[in-house]
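Here's the structure we're looking at; comments come further down.
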Amino acid sequence: MTNNSTPLLQMQNIKKDFFGNQVLTDINFTLGAGQVLGLCGENGAGKSTLMKILFGMDVIRETGGYGGSVLINGEKVQFNSPFDALKAGIGMVHQEFSLIPGFTATENILLNREPQKKSIVSEVFGERLNTLDYKEMDRRSGAAIEKMGVQIDAKMTISNMPVGHKQFTEIARELSKDQLKLLILDEPTAVLTEKEAEALLDSIRGMAAQGISVIFITHRLHEILAVCDKVVVMRDGHVVRDVPSQETSVEDITRWMVGRDVQQSAAPVQTQTQSTPSSSKTIMSIKKLWVDMPGETVRDVTLDIREGEILGIGGLAGQGKLGIPNGVMGLYEAGGTVEFDGKVIPLNNPRKCLDASLAFVSEDRREVGLLLDESLEWNVAFPAMQIQNKFLKNLLGGLIKWRDEKGIHKVTQKYIDDLQIKCTSSRQKAKELSGGNQQKVCLAKAFALEPKFLFVSEPTRGIDVGAKALVLESLKQFNRDSGVTVVMISSELEELRQTCDRVAIVSGGRVAGILPASASSEEFGLLMVSQVI
């Protein structure tokens, strides 16, 4: 880290309200050149809003701007758009991807900054007829990927990439910009495997060594301690701590974030397995399942799920765990057989699954999970209305159906309270919520269907430690109180062991084995690497 007396970045007395809701109050901190700052806080604490102010996002200007000052190298700046921030050397990798699916990694990395070649035609008719210099594009994207220190296939199209490689493409795009001084990484490791995450942490260390400052937002607190010089903790729109990382611990940060000790709520329920003895009836039987899902390998999955249990599915990235629910629920082409409650469920037909009382909370909450421009009420109630004719009143003997607004409001408010969804009201638009609160709305939507069987994929991805405990507890309660069979797919083995009765490990597109949740980490680890192809 360089020892300039003037910090690269100063944020002074930053204030912001949205829709009458005060989300930031008097935020102050500084960041030096080549320094890595870890920004922590529960969902809704204001982290993303603060970064939107720093990056000049349109939503800030469109909602009345902000109070306070942002200083770069001691000079006050006013960014009216992300282009202003980019010119000043600030880059940002957002929680949700902004890549063009049909383009290759190289094309995305250099989008709108492609090197061009002149030709005889363009010399005569102007530079609009220049051609792209593909050789130079390959060189520049290769240099950015090398700078990142993580290998990805620059020629692969984004739509065919595993989710972790999409994240690395976003980061490489920022690193390809010559004037980059400060990189904001918003939950960059939420979609990465442990190995990929470790590679990214090495990459962040490399950026800092080159004098690039990094603001690193993550809920994986051990990563903050492993890579950051200082930690800024936010709670309810305030900075509650600003400390050097070597002077703190995961326990301290957790306590400052949530204002309470979360260990208790996250403790495993020891009695769970007693409710699901091995003699329990098989509620779902999956045989020889294959799924054609980009980035996932599902070749030959055979799995029996017991009625009333919480079954975990884990494994390394790309080995097939995410492909299983997506294939069973008809989101990607699949083959094999699936029987539910004694009846065959036809594959490649999402409606038949929903009619059979199956529900799915996807890992992709923005593309599959939410109607972002609609209210929370509409998001929670619409699937139940469409599939089960719930929340509809029959008029004139059923000739006219009318929405039961009171019932819709009541069910939405119930889940806002149960899941502690931070919002201004049940009529707020889904897109205005933080990522973790959007995740809770996806759960509420599935709960409102009152299914017999629930697939929930990566339920805690990108959400903070307090919300994780709440989400896992709500799944256990839903299973316990409603008798719903739950299959939870997660990259976090510890969460599976904490929440589930049994855990199946998928490796090389097959089930490598099923262990009780109480089995050791070593036993699970051996299964994970047993058939990796």
Side-chain angles (χ1 to χ4, degrees), residues 36 48 51-52 54-59 79 81-116 132-193 196-197 199-218 227 294-295 317 364 366-367 435 462:
V36 184
S48 292
M51 292 304 100
K52 284 172 183 169
L54 176 54
F55 197 56
M57 300 279 282
D58 295 340
V59 68
F79 299 146
S81 76
F83 295 110
D84 293 345
L86 290 165
K87 272 184 213 151
I90 298 173
M92 184 166 179
V93 176
H94 300 272
Q95 215 173 336
E96 312 297 345
F97 299 140
S98 55
L99 299 168
I100 299 176
F103 280 22
T104 64
T106 290
E107 288 164 337
N108 273 280
I109 288 167
L110 296 169
L111 190 66
N112 295 329
R113 295 178 297 113
E114 298 91 345
Q116 297 178 356
L132 295 183
D133 185 344
Y134 287 105
K135 203 177 221 175
E136 180 62 10
M137 281 177 72
D138 289 344
R139 190 194 68 74
R140 285 193 198 173
S141 72
I145 291 166
E146 196 175 318
K147 203 176 191 180
M148 184 173 60
V150 180
Q151 255 338 101
I152 59 172
D153 182 353
K155 290 186 165 56
M156 186 182 277
T157 54
I158 297 300
S159 55
N160 290 327
M161 272 190 177
V163 70
H165 287 205
K166 292 178 187 176
Q167 182 70 282
F168 287 129
T169 303
E170 291 256 11
I171 293 166
R173 183 173 62 194
E174 297 309 313
L175 290 175
S176 71
K177 295 167 184 172
D178 296 332
Q179 76 279 26
L180 185 70
K181 293 179 197 160
L182 167 61
L183 182 59
I184 304 162
L185 296 173
D186 191 357
E187 289 294 346
T189 60
V191 296
L192 304 183
T193 63
E196 288 172 338
L200 178 61
L201 297 187
D202 284 340
S203 176
I204 291 171
R205 292 182 190 104
M207 291 177 217
Q210 294 164 43
I212 297 170
S213 303
V214 179
I215 295 177
F216 182 32
I217 302 172
T218 181
V227 81
D364 191 350
R366 288 180 82 84
E367 293 298 319

Quick check: do [X] and [Y] have side-chain heavy atoms less than 4.5 Å from each other?
{"X": "R173", "Y": "L99", "result": "yes"}
{"X": "I171", "Y": "M207", "result": "yes"}
{"X": "V227", "Y": "V214", "result": "no"}
{"X": "I217", "Y": "P188", "result": "no"}

From [X] [atom1] over to [Y] [atom2], what is the distance, rounded to the nearest 0.5 angstrom?
{"X": "F168", "Y": "L175", "atom1": "CZ", "atom2": "CG", "value": "11.5 Å"}
{"X": "E107", "Y": "K155", "atom1": "CD", "atom2": "NZ", "value": "10.5 Å"}
{"X": "I152", "Y": "Q167", "atom1": "CD1", "atom2": "CD", "value": "11.0 Å"}
{"X": "K166", "Y": "I158", "atom1": "NZ", "atom2": "CD1", "value": "7.5 Å"}
{"X": "F103", "Y": "S159", "atom1": "CZ", "atom2": "OG", "value": "11.5 Å"}
{"X": "K181", "Y": "I90", "atom1": "NZ", "atom2": "CD1", "value": "8.0 Å"}

What are the two closest heavy atoms between [X] and [Y], and how far apart are they?
{"X": "L180", "Y": "G91", "result": "CD1-N, 3.5 Å"}
{"X": "M92", "Y": "M51", "result": "CE-CB, 3.7 Å"}
{"X": "G102", "Y": "T157", "result": "O-CG2, 3.8 Å"}
{"X": "I109", "Y": "S176", "result": "O-OG, 3.5 Å"}
{"X": "A154", "Y": "T104", "result": "O-CB, 3.7 Å"}
{"X": "S48", "Y": "D186", "result": "OG-OD2, 3.3 Å"}

Item to complete: Would you please name every residue forming a salt bridge (charged side-chain N to carboxylate O under 4.0 Å, His left out) with D153, sequence neighbours left out?
Response: none
Worksheet entry | Listed partners of K52 passing salt bridge (charged side-chain N to carboxylate O under 4.0 Å, His left out), at least two apart | none
Practice prompt. Answer yes or no: is there a donor N or O on one side and an acceptor on the other, between the side chain of N108 and the main chain of I100, under 3.5 Å?
Written response: yes
Practice prompt. Kindly state each residue pair satisfying side-chain hydrogen bond (donor to acceptor under 3.5 Å, both in side chains) with at least one member in residues 205-216, sequence neighbours excluded.
Written response: D202-R205
Worksheet item: Checking side-chain contact (heavy atoms from CB on, under 4.5 Å) against V93, which of L183, I184, T169 comes through?
Response: L183
